[in-house]
Amino acid sequence: GDTVQILEKCEGTYIQILGLDLVPRREFSMVDPDEISVTELYRLVRLFCFLTTTTSFLSRSERFFVKLNKNGLPKFPEKTERQCTLFVDLGSGDLRKDVYIVVHIIRIGKREKKNTCNVQYRRPFGCAVVSIADLLTADSKDDHLLKVYACNTESDWSQIHDNIIKKVNSRYNLSGSNTGLAVALQLLHGDIEQLRREYMVLFTRGVSITKKLGFSDVIMPGEMRNDLYITLEKGEFEKGGKSVARNVEVTVYALDADGQILKGFVAVGSGEPGGDEYHAFVLYHNNSPRWAELIKLPIPVDMFRGSHVRFEFRHCSTKDKGEKKLFGFSFVPLMQEDGRTLPDGTHELIVHKCEENANLQDCARYLKLPFSKSDLPGNNQTMKGTKESLWITSFLCSTKLTQNGDMLDLLKWRAHPERISDSLSKLKEIDGSEIVKFLQDTLDTLFGILDESSQRYALKVFDCLVHIINLLQDSKFQHFKPVMDTYIESHFAGALSYRDLIKVLKWYVDRIIEADRQEHIQQVLKATEYIFKYIIQSRRLFALATGGQNEEEFRCCMHELFMSIRFFLSQENKGSRPITQTQAVFLQSFPAVYGELLKLFTVREVATFIRETLGSLPTASQADCPLEAVKLHCIAKTVESQLYTNPESRCILLPVVLRLLQAHMQEQRDLIMCAHILTCMLILKNILELYLSILGEFVTCLLALLRHMKDRHYQQLLKRFTSKDELRDFLLHIFTVFRILIRPEMFPKDWTVMRLVTNNIIITTVLYLSDALRKNFLNDKFDYKVWDSYFCLSVIFINQPCLQLETFSASKRKKILEKYGDMRVMMGCEIFSMWQNLGEHKLNFIPAMIGPFLEVTLVPQPDLRNVMIPIFHDMMDWEQRRSGNFKQVEAKLIDKLDSLMSEGKGDETYRELFNSIIPLFGPYPSLLKKIERETWRESGISLIATVTRLMERLLDYRDCMKLGEVDGKKIGCTVSLLNFYKTELNKEEMYIRYIHKLYDLHLKAQNYTEASYTLLLYDELLEWSERPLREFLSYPMQSEWQRKEYLHLTIIQNFDRGKCWENGIILCRELADQYESYYDYRNLSKMRMMEASFYDKIMDQQRLEPEFFRVGFYGKKFPFFLRNKEFVCRGHDYERLEAFQQRMLNEFPHAIAMQHANQPDQTIYQAEAQYLQIYAVTPIPDSQDVLQRDGVPDNIKSFYKVNHIWRFRYDRPFHKGTKDKENEFKSLWVERTTLTLVQSLPGISRWFEVERRELVSRSHETHPPHHKVRIRNSMQSQMHNALWLRSVILCLFYFSQAFFVKDYIMNHPEDGDKIVRLRELMFDYPAVNRYSSSSLSSQASNEVSNITGQSESSDEVFNMQVSAWAAIG
């Protein structure tokens, strides 16, 4: 268990609480120290520390008690043992996040300011709470300052720590700015004895121990504990004839059977010695006080019977005398008449009224009265109807006393011998936690009964023992096994028990064969390990006590027992009584018996027992029989045991081990376990060294022989095989040996020369043997296994790391090529030649060999690729003949290509080669050219094009993923790939995998809205059904409904984080409908509240409107998914054009930024460079009805302005005809372009490709008068701006000069209506009304002069005006 140590420091010295600075108060109000006496100010302060949790808010530990004076210093500074404590017996589960240290501060003093008496009262002062998790995870090793809080209402004191933890701020407030205490916490691992050794300094000064409320995880034999915890919960009292409520003080006494007060057995907590009585704190004028005060009564077991606890109630007067008048009492006995203790739980005690002078010393008078309202007879309505009650909660932590009557009857079997049989039968019904709590006493009882009445109760005692042993096999009680082990070794005293245990165990084994039901016998056999432990220990005790008497009798009994075991193990299943499972149960526990037998028998005797027992197992059995696997496990445990390491016993065990092992290996069953057993058998040093040395010699001998063999030697060798089967076996063996020899671990890493020699010998041998393969195993004699072994060897050979010459230095590569050539190409040519000889047998290797051959083509060796790629044509051809299509080839090719290229294989050259028209190896043109000549030309070309496009995207993806941070390039590449898998390949599983890769990228980049849209792609593939789904990616095995629910919740959470609440509301509604259809009102309520919160966020929280940018990627140096394409990108928050352009240039550092908005020409498209064209675009919302509707708040409109946008526009000004230098407006036109995307923004990416662009140029809609008539409303909002006014006047002047002149009106009669409308708007404008036509002209002339005087060019004025038009239009 873990032990928590609390250390606190004050003024540099470590004590229990650091720097406690109390503020003097009376009735929760601060007082002036100058206005009260020194004696009144000098008070003792008591602090109580304990642990609690948020789940129950009940104390998990005793309370630690410290006395301090008014200055926060210890009352007894010389007693350092009272200044720190250890919270012990805390397991890992007790130190969860919701465990808190709670400090209650109680002051001792008088009640009233004017009160002159010296009567002391305990009064609540303050409370501090701190999470243990916060203390343990804090970076600082210094003390942690805690704030002290006080109740707003005194009656809430019992719940103050609950309210602080729950943060119910209305019920407490800060005690004072100078009030606080500091806590230092250290976590100490281990049991208490281990801590005593490791922290001797801590224990030598007598640190106090604060125990857990309850037992530790393991109760060791001999451990004694008998603590009764009583919590004063609350009381209900009458006024007693007073006009106000009473000030009730409760005094607690513990009394023995004679009515004498038990001295020192009332403890308020650790840190202070126990007292004779306890006084609860007083709540002012409260007839319904709640205390929640915990006290401990460590009463010895022998004093428990007859003892009781008395609670006396006194009214504390507020007058000068400060009298405490007794007005009632309650009591509770600690043990019932039958010996059971007071039950755990809450008890409502009767308040018996009495006077101050009542004599309570004679307890016999009131002990006859009823003490609890629950125990009152039904006809006693008077006592039940009284309002006065005291509620207490009791909890007993005892290793000797119990509240279970059946357990009590068993433990006290000598007092009631007639109940023994019944008590033994009821043991199995007792809760397991009660049994393990009294494990030692229960075991002592069982063996006591066995020793005294073995003839009568042996079988029942044995069954009880089996029940307890199997109880400890349960995961809940497994940690009690060491307790039983300790009991057997140190406390077990049944020296005669072995006889009865052997006899009963043999009785059960003898009846296995005839038993109709095997369940109980199987339970007995599960306990075999511990039954033998008791047998062996009992015999050892007997031999020690008698000097080894009856040794022969014991050995005879053991031999008879093993004879019965061997007989039952030798049986096979017969009819309706299958005993195979029972045999398996015994074999599972049998290896654990070996060590126990060695305590009394010699190594040879134990080995003989095991050999004969395992040898009795039936040899013939079914392959699916559960006994077979258990046999091997038993053999494995035997080989791993100390018996096998001993040469003497190993000689005895080896025959039976090998026989069982051979049977499994011959039938090819459980080969992995067989290999493990063989490894264990060879693990002995001398055997292993011999094996390795022999292996190395054999390898070199074999290679030397093969190296010297010539053609005639191979001919002679092949002629020696008289049958095809012999030749087949030889080829399979030699191919297997070669595969082993080229493994990387076969030779040390730096043995390059040895590896090259070996490979040269192998390829030479393969060239000779391939001829035998063609002659003997083709056509009607075709053997798939031999050919498959050959192809597998060839593929592994080519892919060897030691043959990848590209990874070597130039000089090393040159030497290898000069000496051996490129052995990969040689083997590739051999593969091609052998493939061509297969004929129609090629179908046997389709699609199995597609993956291996594809892996070979990805080796970056051009000649090898030229050789191997045409094989895929053959595969497609033969599959087309067989199936009418080559879907299998396509599917396997695509799946394998993705995995291989993700591993880093393949390159751009390979992609080009796959789709090239360059002549390839031999008579074959490119694969594409060859396919064009076939009848299935169209589908073949489609496949090659598809694979080529897939390689483009996979190469881009691999290159992008090498970059460090997440950027648009990674996201765009992933989007391109997943869309390809969905639209062109229809590969749903790969599509889903890349959805999640894209989702992870968005989360990393904090693109929460895009992450939601991405995960929504997978969500849309699922239905609200109960169809089971397999485990996939990070999803467990679950129903389709559960996975879709999880996806919905995740998407909603991300929409919330991305402030896209409108989309989250749609999913909330859908999920709420599902919950409602299942009547899941709890989750329905949560979903409706979440939906409501989204509406609130829409109205209350501000959202920024992002800007949008059109980006063109031109030039051949861009990745395929970007090359010569244009996109519209959704900018980040606060990101403007300049910042976006800089970000794009950072992502593409080699790109050149184009400075104009004109469409690039073919020169730019075909350039071996990167060009970026970036400018801002304006969204065109689809939801015009929402935007144009009156009364819709701007918070709502702002969403529809920038969401679900498919179309964008931008305007480019230009001059039509000759530019008029005097008035540029005459020739100025605006070209508007509309861009339509493939998907709306926002979506699964921050940018999407432009699908269509519509250009509107030189049209009536873009003619200047058409735009000018829409200027007025925008201008009115800018009237307060002087600079804007100057620009407006200047524009109006140019308008009049451009469009109101006679020449324009005569040449453009179609614009007559617009010219009239423009004139009306201009002269209706407030700025124009202040000027006549002539003054307007004069004012405009002055403005023109001012502008000219400022040396602004006409182009600058022009640009300013065009910008204004673009904004207005």
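Along the sequence shown, residues are numbered consecutively beginning with 1.
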Between [X] and [Y], is there a donor-acceptor pair closer than 3.5 Å when you use the side chain of the first and the backbone of the second?
X       : Y       : value
Arg1027 : Glu1040 : no
Asp874  : Pro870  : no
Ser976  : Gly972  : no
Gln804  : Gln800  : yes
Glu1010 : Gly1243 : no
Asp863  : Val825  : no

Contacts of type salt bridge (charged side-chain N to carboxylate O under 4.0 Å, His left out), residue [X], not counting sequence neighbours:
X       : result
Glu1107 : Arg1136
Arg993  : Glu989
Arg824  : Glu806, Asp822
Lys812  : none

Under the rule for side-chain contact (heavy atoms from CB on, under 4.5 Å), what residues qualify as partners of [X], not counting sequence neighbours?
X       : result
Trp1206 : Asp1182, Ser1240
Lys982  : Tyr991
Thr1009 : Tyr1013, Phe1055, Cys1060, Pro1242
Gln1173 : Arg1110, Tyr1114, Met1154, His1156, Gln1159, Pro1160, Tyr1175

Query raised in the report: Residues two or more places apart in sequence or in another chain: which of them pass ring-ring contact (aromatic ring centres under 6.0 Å, His included) with His996?
Result: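 Result, ring-ring contact (aromatic ring centres under 6.0 Å, His included) vs His996: Tyr1018, Tyr1035.
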Report task. Output all residues satisfying ring-ring contact (aromatic ring centres under 6.0 Å, His included) with Phe1248, sequence neighbours left out; order by chain, then residue number. Result ->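 So Phe1248 forms no ring-ring contact (aromatic ring centres under 6.0 Å, His included) with any residue.
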Report task. Taking only Lys NZ, Arg NE, NH1 and NH2, and the carboxylate oxygens of Asp or Glu, determine whether Glu1254 and Arg1232 approach each other closer than 4.0 Å. Result ->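 Here Glu1254 does not pair with Arg1232 in a salt bridge, since their nearest N and O are not under 4.0 Å apart.
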Query raised in the report: Given Phe1108, which of Phe1208, Phe1127, Tyr1210 fulfils the ring pair (Phe, Tyr, Trp, His ring centres under 6.0 Å) condition?
Result: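 Of all the options given, the one that passes is Phe1208.
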Requested in this report: Enumerate the residue pairs fulfilling salt bridge (Lys or Arg N to Asp or Glu O under 4.0 Å) with a member in residues 1047-1059, sequence neighbours excluded, ordered by first and then second residue.
Outcome: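 Residue pairs passing salt bridge (Lys or Arg N to Asp or Glu O under 4.0 Å), neighbours aside: Asp1056-Lys1097.
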Query raised in the report: For the atom pair CG (Leu1001) and OG1 (Thr1014), what is the distance rounded to the nearest 0.5 Å?
Result: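 With rounding to 0.5 Å, CG (Leu1001) is 9.0 Å from OG1 (Thr1014).
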Query raised in the report: Would you find more than 12 non-hydrogen atoms of other residues, nucleotides or ligands less than 6.0 Å from Lys1197 atom NZ?
Result: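 Atom NZ in Lys1197 is packed in, count exceeds 12.
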Query raised in the report: Looking just at side-chain N and O atoms, do Trp1041 and Glu1023 make a donor-acceptor pair shorter than 3.5 Å?
Result: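 No pair is found: no donor N or O on one side chain lies under 3.5 Å from an acceptor on the other.
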Query raised in the report: Under 3.5 Å, is there a donor-acceptor pair linking the side chains of Glu1251 and Thr1236?
Result: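 No.
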Query raised in the report: Considering residues at least two apart in sequence or located in another chain, which fulfil the side chain to side chain donor-acceptor pair (under 3.5 Å) criterion with Asn1146?
Result: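 Testing Asn1146 for side chain to side chain donor-acceptor pair (under 3.5 Å), a comparison that skips the adjacent residues, returns Gln1142.
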Report task. Please tell me if the side chains of Phe791 and Pro852 come closer than 4.5 Å, counting only heavy atoms from C-beta onward. Result ->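 SC-SC contact between Phe791 and Pro852 ruled out.
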Requested in this report: Show your working on salt bridge (Lys or Arg N to Asp or Glu O under 4.0 Å) between Arg1103 and Glu1062 and close with a plain yes or no.
Outcome: CA-CA 12 Å; Arg1103 291 184 283 193; Glu1062 286 81 355; 2.8 Å; yes
Query raised in the report: Mind checking whether His1048 and Trp1024 have parallel, tilted or perpendicular rings, split at 30° and 60°?
Result: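 His1048 and Trp1024: perpendicular rings.
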